[in-house]
Amino acid sequence: MLNWIILEASSYAAQIDNVILIIALLGGFWLFAAEFVLFYFVAKYRRSRSPKALHITGYDHEHNKWIHWSHYAVIACDIVILVFAARAWYHVKQSVPEHVDEEIRIVGHQWAWEFVHPGPDGKLGTPDDIDVVDELHVVVNKTYKFHLESADVLHSFSIPRFRLKQDAVPGREIDGWFTPTVAGTFDVPCSQMCGLGHGIMGGRIFVETEDEHRKWLESATGKTAAIPANGTGKLASTQGGN
Amino acid sequence: MAMVQPIATRRSATGIPTGKLAMWWLLGSEITIFGGLLVSYIMMRIMYAPWAEAAAHTNTLAGSINTFVLLTSSLFAVLAHHAAEQKNGKLAAFYLWLTIGGALTFLVVKGLEWTNEIRHGFTITANSFWSFYYTAAGLHGLHVIAGATAMAIVSFDCLRGKNLQRVELVGIYWHFVDIVWIFLFPLLYIAK
Amino acid sequence: MSQAADAHHGHLNSAGEHGPHHPVSYYVKIWALLLVLLVISIAGPMLGNKVLTLVTAFGIAVVKALIVAAFFMHLNIEKKFVWYMLLAMLLAVVMFFLGTAADVMKYDGSHWTKPTSYLYTEEFKKAFSGGEEHEGHDADEFDSKALPNVPYGETESHKAQGSHKSEGHGLPAAEPRHGT
Amino acid sequence: MTTHASADHAHSADDHGHHELSFIQKYVFSTDHKVIGLQYFMTGVLMGVLGALASYVFRMQMAFPGHAVPGFGLVTPQIYNQMVTNHGTIMIFWFAMPVLIAAFGNYLIPLMIGCDDMVFPRLNRLSYQIFLFSAVLLIASFFVPNGGFGGAWTSYPPLASNPIYNQTPYGAPMWLAAVALEFVAFLLGGINFITTLMNARAPGMKMYDIPMVVWMIVIASILFMASVGPLIAGAAMLFFDQTLGTGFFDPARGGDPLLWEHLFWFFGHPEVYVVLLPAMGIVAEVLTVFARKKLFAYRTVLWTAVATGVLSFFVWAHHQFVAGIDPRMANIFTVTTLLISVPITEMSFVYIGTLYGASIQLSTPMLFAIAFIVEFLIGGVTGIFLGASGADIYFHDTYFVLAHFHYTFVPIAVIAVFAGVYYWFPKMFGRYMNDTWGRIHFWGTAVPFNGIFIPLFYTGMAGDHRRTFNHLNFPDLARGDLIFWREFSTVSLLIMLAFQVIFFVNFFYSMFRGKKAPANPWNANTFEWVAASPPPHGNFVTLPHCYRGPYEYSVPGHSSDFWPQNEPAPKT
């Protein structure tokens, strides 16, 4: 639904947008239905047109059946919304795809993001890791698992184009994943109040093609990047990710 | 200015006297305050097993004495209410002052206990166990002081035989302070 | 039911008639019972058995609280409304516990972990087991400087079961505490 | 001074022995619930104006980033954070709660249950004095070195607990102390309201004869009392963190920032219902009087209010879906959040149902009451987006959230309050407020309000996130359409603020020179219209007896289309 305002750029962006669409449709229906009935009553029962009001207690079935039926329908809509929301939530937050191409570590600092790329060997925690401030370089259509931490206060790692948001809580390491589907550079704002520089704390994510990424790797590490041809290099040794 | 009591204070649609009803509601809100603090402490305490070593440095003897002192002062408070029921203002005031004595003993024992612990370096910023220890016991201590002052004020009215129903109200508040300590004692002192 | 019970007319408890007069000894007996329970709750944990400690210390605490509430606060003859109101407030606190425990009380959960809490626990043990060694020569003198203060964030995000080192930090970590 | 017991009916106001009180005793240290109600109202509205000025400042910065704000000067990040933080804090704690609960509660509860004052007049005065002190303390926190607290009204630690991070070593503890004092004031006030309704009802007033606004304010007080406890404990812990350097919320020392988030939002969500229910009550009163119609299904409204209150204790973590709580918990809270939308929907439908078969007179209070329902429905429906965990991943902390809660808070604290003021003004001051100026003020408030927040829904969906000092720092947000809608929203705010001047002029002018108003200007049923307007110190000449429910309008076969509660049933 939001594609026309902010283009989808990750694998699960469409699913989250669908949840928003369903809520918009169901909620919108009930909103306009209620508003219409309200304005209709206000117009129809103006004092000039109906000088005498009825005396309705509202306990008799004849009148409150309108309330009860619309009530049950609202509950039904809630259940539909719940199913879609829970599925999207499970897909994004509670599960990580089996095949993870690379892992990155993100540390939020007061007023900048620190991205630790796995470097040419594709494994995090090896000496060739590339630690960059406010610039995250990823390859399009690859699945990345991130480990999110904060070094001082609460921050929130958010990529609006991916529909991704996860608070970085100091003392915690939170895992999540994303798969960029559109090449380009997008904003990575911090969306949790973190002090004076909260407004200027904006990183950028560079979703590159294979060769652009290789060029960046070379410029970052100064050596020719020995990245396996098809980029499906051995799965990075995740350290006991659950 | 002599406060003329509005009629509202004398109505009791629910049958419970207004003063006691307000006291129950006050205790209801106090339950949530102490509840919030103790639940936070319990969660941390269960999570960090090593806090048991820190808790080992709490003085169980002092805690037990204080529990005994508060239980006894609760007895005096209920005897004061008992005397007030029989319209015996003087006896009620006497028991109230015994209760206040109990409160002061409690504070003295706590003062000694705390100075000893602080001297040993277990200050409020020593570690999170001690932060919770001083915050919880401190908040409880403030309530003990508030209860003692309330009882002192009520006891002066009692001597002149006025507002005897207030003895019961301040007694209920005092029993609540005792109950909070009944839960604080095992949480802070015994969970070693 | 809105009889204007006048609170000033001598004490009318909620049952409407004058409170049942218990002799003084009635309250002293309850007090004695509370003391016995207190002694048990102190003696119990000394036997060292974990379950016994829980039962005696906390079980008895609940019993004592109920005794004080019922007999000293005269809740046994109070209107039921007061019991329900106090219980509702207690349930609110329990509700808070249920919603919060999953996050605050655990070292890790679904897709998150608290590396700093693991470090804190280890440091705490060291700081305090060290404390035990002090036991020998001085009455548990505890050096409060050795308080466990584990700077987080730039720590290696390792967990108890194995870790990987990642060096090379672009940013100096902000000093997390009051300069301690 | 033992007062002799006397049967209530024979009691009359002059029995109070009216010795003339000096101005100080009558107004500053008065224990009369009406004076205390007006004191709360004036302090609340004054603080509301402060909050509105703060919103003017940062809305100008949002629309024209970097430019000096006329009448204020350049907005630096620190000032921006302070303004945003204290706009939220003031508008909720020092404008919405005092005006909705304390002002209307104090003024109306004794009058509407047929009593002469609150059960604890001096406790009532004490609660106002603590509230006034907390307001002064909050304002003082602006003028200390490094200025006021700037870490959002939710004051999440470690930002709020460590001066190294928030750079406001004095502002943060003062802010926290002011909020804690305000809680104490409302606890004392709450006990007063609850006990007064429970015990001091007029004889014959059974449970279902109590007017809805009284019910709602007392249910709100109970909700507040049951939910604020953990936050008061949390405030003590945070205060020690800030001043003594303890480590309750500092992960390096075993603490957990999420503990504060849970403590805060466990209070936070019942708090928004604490503010909503009195507004629903005011709208119920105004709706029934100007529709000349019985409230549709009184018991349904009452029990849905209670159900909303109870459920509000199970939903709080929908504020923290992406804040690092365990994802599995989010599913539970999604279910409970969608569940709580059910009673509120039913209550809204019942209010719309009240207008069926009515005879609506569109006077100013009625316009505001209907506008409340219209706007609150939008607020309610947009809440579903945020309550559903799937959609909240994207919407959390964006302007969509901000637009949602302004679509609930502004109808509550602004539109419903105006409905109440225009409705009860004749009772408070014995004079009408000018109706034509009232309508101009209505259209000048309701329409620009939508102009402010509909665009913010759009910018929120486009990715604008909250509390950002300058959106142009983010290339994706420097789009032309977003810049336009931010300016549009600010201009709508300026128009809305301008129209409020009409209200204040009308309010203070009519207080002294408005058209005189009789005791029952709107032909309403409830007890407050039995008393003279403005009611004297003891409220009623003879304390009324209650014979029927408050909403017996247009009863077939009755002489007139309203039947006051205190009129004995005619002997058939």
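Values below: every heavy atom of this structure, side chains too, minus hydrogens, waters and symmetry copies. Naming convention: chains lettered A, B, ... in sequence-line order (proteins, then strands); numbering from 1 in each chain.
- The heavy-atom pair separating B/T125 from D/L244 by the smallest distance is CG2-O, 3.0 Å.
- Of all the listed residues (D/P110, D/A236, D/G229, D/S227), the one sharing the greatest number of non-hydrogen pairs under 4.5 Å with chain B is D/G229.
- A pairwise comparison of heavy atoms in B/S131 and D/G247 identifies OG-N, 4.1 Å as the closest pair.
- B/S128 places a side-chain N or O within donor-acceptor distance of the main-chain N or O of D/R253, the cut-off being under 3.5 Å.
- The CD1 atom of D/I191 sits 9.5 Å away from the CH2 atom of B/W25 when rounded to the nearest 0.5 Å.
- Closest approach of D/R201 and B/A13 over heavy atoms only: NH2-CB, 3.8 Å.
- In this structure, B/T135 OG1 and D/F240 CZ are separated by 5.0 Å, a value rounded to the nearest 0.5 Å.
- The closest donor-acceptor contact from the side chain of D/N199 to the backbone of B/I16 lies under 3.5 Å.
- Ranked by heavy-atom pairs shorter than 4.5 Å toward chain B, the options D/L188, D/L263, D/I222 are led by D/I222.
- Residue-level contacts of residues 26-36 of chain B with chain D, in order of numbering, are B/L26, B/S29, B/T32, B/I33, B/G36; threshold 4.5 Å between heavy atoms.
- No part of D/M205 comes within reach of chain B, as not one of its non-hydrogen atoms sits under 4.5 angstrom from that chain.
- Between B/G19 and D/F120, the shortest heavy-atom contact is CA-CZ, 4.2 Å.
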Full working for side chain to side chain contact (heavy atoms under 4.5 Å, CB included) between D/V119 and B/R11: CA-CA 9 Å; D/V119 281; B/R11 282 185 174 170; over 6 Å; no
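- Contact of D/L231 with chain B is not made at all, since no heavy-atom distance falls under 4.5 Å.
- Within 6.0 Å of the OH atom in D/Y547, the count of heavy atoms belonging to other residues, nucleotides or ligands exceeds 12.
- For a residue to count as touching a neighbouring chain, one of its non-hydrogen atoms must lie under 4.5 Å from one of that chain's; by this rule D/N192 does not touch chain B.
- Taking B/Y134, B/Y48, B/F129 one by one and counting their heavy-atom pairs under 4.5 Å with chain D, the maximum is reached by B/Y48.
- Contact annotation for B/M47: neither backbone nor side-chain heavy atoms come within less than 4.5 Å of a heavy atom of chain D.
- Counting heavy-atom pairs closer than 4.5 Å to chain B, the top residue among D/M118, D/M237, D/M198 is D/M198.
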Is there a side chain to side chain contact (heavy atoms under 4.5 Å, CB included) between D/D256 and B/M43 once you walk through the steps? CA-CA 11 Å; D/D256 192 344; B/M43 283 193 279; over 6 Å; no
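- The six-membered or imidazole ring of B/F132 lies near that of D/F248, with a centre-to-centre distance under 6.0 Å.
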